[in-house]
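Input: a single structure, listed below in structure tokens.
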Amino acid sequence: MSMVYDEYGRPFVILKEQQAKSRIKGIDATKSNILAARSISSLMRSSLGPKGMDKMLVSPDGDVTITNDGATIMARMEVTHPVAKLLVELSASQDDEIGDGTTSVVVLAGALLEQAEQLLNKGIHPVRIASGLEKATKVACDKLDEISENLSTDKDEEQEIWLQTAKTTLNSKILHAHRDVMAQIAVEAVLKVADLERKEVHLEQIRVEGKPGGSIEETKLVNGIVIDKDISHAQMPKVVKDAKICILTCPFEPPKPKTKHKVNISSAEDYKKLYEQEQNYFKDMVQRVKDSGANVVLCQWGFDDEANHLLLQNGLVAVRWVGGVEIEHLAMATGARIVPRFEELSEKKLGTAGIIREISFGNTRERMLVLEDCANSHTAVTILVRGGNHMIVQEAKRSLHDAMCVVRNLIKDNRVVYGGGSAEIACSLAIRAVADTFSEIDQYVIRAFANALEDIPMALAENCGLSPMDEVANLKSLQVKQQSNVLGLDVVNGGGAADMKEIGVFETLIGKKQQFRLASQLVKMILKIDDVITGGSYQ
């Protein structure tokens with residue numbers, strides 16, 4: 001606000017644009033940002049671990065999602081605070097890179113921010129806190145490398161540990177009652193598309209299709225492609241063996257001018273000529289398909305009853321409205337080339353499949369198409385998920401995705417650490433031991449990092465209805481006395497310390513290290529914000 005005078009000496013006040021907008025500076029800005037981020041992490045805390053609670057998310061359109069998957073909860077929430085959005089991006093980064101641990105990384109970030117706030121209240125500068133966090137993260141990651149174990153090189157033992165790690169991931173999901181079957185499906189699906197020599201896994205080649213109805217036990221792995229389409233004509237064969245497939249991205253219809261046009265028909269003869277010309281277009285298209293040797297047509301576009309009838313008369317099986325992503329998968333699996341024009345269709349561009357069949361579900365007239373024994377079987381695998389309703393199917397698909405990501409991570413790096421909070425406790429003890437070796441103020445920050453790591457096992461115990469302080473204190477005591485890094489909280493069997501190696505609770509090393517690094521980076525970013533200017537105003 002400022003006061004100026006006009007040419008007659010009369011004063012008037014000039015209000016700056018957006019004068020009412022608030023601006024927070026200095027330590028108040030940092031604390032405000034910490035409060036916003038902690039409000040998100042406290043929401044996620046109750047969803048951590050096998051006994052974590054689910055969240056019901058209702059969209060503005062009324063769509064309901066029930067899940068305890070951290071990335072899904074964060075993505076579906078309507079977050080307006082800019083710093084809180086950073087936590088959403090943090091969870092998405094963990095999901096994109098690792099696929100699992102999306103809840104843990106948010107809870108850890110919240111615990112670090114809580115400790116950072118206490119350090120700020122003691123008068124420690126935010127830059128010194130950020131520097132200390134960086135040193136503590138390095139110590140924690142070094143300890144993880146030390147306590148990690150390599151998987152056996154024996155193939156059978158290796159697959160068994162992959163199975164156990166997938167089961168650990170599914171423990172906290174809706175599929176936990178069927179984790180044995182689901183973990184087996186996840187491992188088999190990943191192995192189908194994995195190149196073990198190069199340690200590469202192409203997860204995009206695994207299709208996950210869902211169909212409500214039935215039970216979760218009916219979920220199965222199909223060695224081929226499943227698409228949610230049906231055969232276009234009721235009288236066409238429902239099973240085709242030794243299929244030769246042509247994939248078209250051009251419609252079965254006469255060409256249409258791109259400019260505005262008008263056709264004047266003045267007599268019955270003119271109409272008959274127009275009709276015959278249209279028929280010739282259809283006949284020419286169908287004949288080109290038949291001449292190429294194809295017996296199955298997959299078309300990206302629809303076609304009318306006239307074309308459908310001609311395809312039936314010529315003994316061709318057709319499927320219409322096949323989506324773009326599905327067409328790419330079908331082309332990879334069958335070895336077919338995608339044909340944009342009928343003139344380019346030839347025998348060389350056809351794909352093959354051992355059998356194509358249409359399957360139906362219950363009495364709802366729901367049908368799907370299954371292509372098995374495809375030409376490139378290593379690029380064609382589909383998981384068909386069943387469930388009581390749409391929400392269960394969607395949650396099962398998310399759970400399977402997490403399990404497959406964990407198996408992929410193990411193929412890339414076969415080192416594991418043990419779960420149940422054992423790795424966090426071991427890192428916490430190691431950091432405390434190292435903290436006293438620092439002569440500067442960093443040792444306070446490093447001890448705070450150790451305190452934050454203990455928040456993960458405390459949250460696990462709290463969600464099981466146990467006493468968090470007692471359980472964590474007991475775990476720390478036992479790890480020190482027995483010099484064992486594998487002792488963790490057995491939340492599945494009612495609490496208490498247990499050997500995680502014996503009960504088979506594993507986590508991937510790269511996933512755990514990524515959690516520590518991402519949470520630490522986010523906290524350092526938030527601590528370095530000392531000025532919040534809302535709406536572009538500057539006062």
Side-chain angles (χ1 to χ4, degrees), residues 225 227-331 333-353 355-358 360 365 367-371 374-375:
I225 296 285
I227 56 175
D228 195 5
K229 303 292 175 186
D230 56 0
I231 292 170
S232 62
H233 199 290
Q235 292 180 315
M236 288 179 180
K238 304 301 179 188
V239 178
V240 181
K241 293 183 179 179
D242 298 324
K244 292 185 178 180
I245 304 163
C246 74
I247 299 177
L248 302 173
T249 55
C250 47
F252 265 101
E253 59 184 26
K256 295 177 181 176
K258 292 184 179 179
T259 57
K260 289 184 178 180
H261 62 283
K262 185 167 68 172
V263 179
N264 292 320
I265 299 174
S266 56
S267 65
E269 290 179 3
D270 291 344
Y271 180 81
K272 190 174 180 181
K273 284 179 183 178
L274 185 65
Y275 174 75
E276 287 175 354
Q277 188 176 5
E278 188 181 54
Q279 288 295 302
N280 289 333
Y281 276 124
F282 284 129
K283 287 175 182 176
D284 181 55
M285 292 174 185
V286 174
Q287 192 60 43
R288 284 179 185 272
V289 173
K290 198 167 182 181
D291 290 344
S292 69
N295 56 4
V296 176
V297 181
L298 303 178
C299 186
Q300 187 177 14
W301 303 98
F303 39 82
D304 58 17
D305 293 339
E306 191 72 39
N308 208 10
H309 177 72
L310 281 171
L311 288 165
L312 173 65
Q313 293 296 319
N314 284 272
L316 296 171
V317 175
V319 181
R320 51 188 164 188
W321 297 118
V322 182
V325 177
E326 292 169 338
I327 277 189
E328 290 178 7
H329 280 144
L330 288 164
T334 62
R337 298 285 297 275
I338 298 173
V339 180
R341 299 180 187 87
F342 284 97
E343 292 80 4
E344 297 179 15
L345 190 57
S346 66
E347 189 175 357
K348 292 180 182 178
K349 297 187 177 180
L350 302 183
T352 57
I355 185 170
I356 297 178
R357 54 194 175 90
E358 187 182 78
S360 57
R365 295 185 181 179
R367 296 183 179 88
M368 297 183 89
L369 211 60
V370 181
L371 292 82
C374 298

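Under the 3.5 Å distance criterion, the side-chain polar atoms of N295 are left unmatched by any main-chain donor or acceptor of A243. Between the side chain of N280 and the backbone N or O of E276 there is at least one donor-acceptor pair closer than 3.5 Å. S292 contributes no side-chain N or O that, together with a main-chain N or O of E347, makes up a donor-acceptor pair within less than 3.5 Å. Here the side chain of S232 pairs no donor or acceptor atom with the backbone of R320 at under 3.5 angstrom. Checked by atom type and distance alone, the side chain of K229 pairs as donor or acceptor with a backbone atom of W321 at under 3.5 Å.
K272 NZ to Y275 OH: the interatomic distance, rounded to the nearest 0.5 Å, is 10.5 Å. Here the straight-line distance linking atom CD1 of I265 with atom CG of L274 works out to 5.0 Å at 0.5 Å rounding. With rounding to the nearest 0.5 angstrom, the CE atom of M368 is 12.0 Å from the OG atom of S360. Here the OG1-CG distance, from T249 to L298, works out to 12.0 Å after rounding to the nearest 0.5 Å. Atom CG of L369 and atom CZ of R357 lie 10.0 Å apart (nearest 0.5 Å). Taken from NZ in K273 to OG in S267, the straight-line distance is 7.5 Å, to the nearest 0.5 Å.
In this structure, K244 places its NZ atom where only 12 or fewer heavy-atom neighbours from other residues, nucleotides or ligands lie under 6.0 Å away. The environment of D284 atom CG is dense: over 12 non-hydrogen atoms of other residues, nucleotides or ligands sit within 6.0 angstrom. Within 6.0 Å of atom CZ in R288, more than 12 heavy atoms from other residues, nucleotides or ligands are found, so the atom counts as buried in its surroundings.
Among all heavy-atom pairs drawn from I231 and K238, the shortest one is CD1-CA, 3.9 Å. Residue I247 comes nearest to A336 through the heavy atom pair CD1-CB, 3.8 Å, listed as atom of the first residue, atom of the second, then distance. In plain terms, the two heavy atoms of L316 and M236 that are nearest each other are O-CE, 3.4 Å. Between T352 and I245, the shortest heavy-atom distance links the atoms C-CD1, 4.4 Å. The nearest pair of heavy atoms linking P251 to F342 is O-CE1, 3.6 Å. Annotation for V319 and F303: closest pair O-CE2, 4.5 Å, computed over non-hydrogen atoms.
Between E326 and I225 there is no side-chain heavy-atom pair separated by less than 4.5 Å.
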**Q.** Full working for side chain to side chain contact (heavy atoms under 4.5 Å, CB included) between V296 and I356
**A.** CA-CA 9 Å; V296 176; I356 297 178; 4.0 Å; yes
Q: Check the pair F252 / V286 against side chain to side chain contact (heavy atoms under 4.5 Å, CB included), numbers first and verdict last.
A: CA-CA 9 Å; F252 265 101; V286 174; 4.1 Å; yes
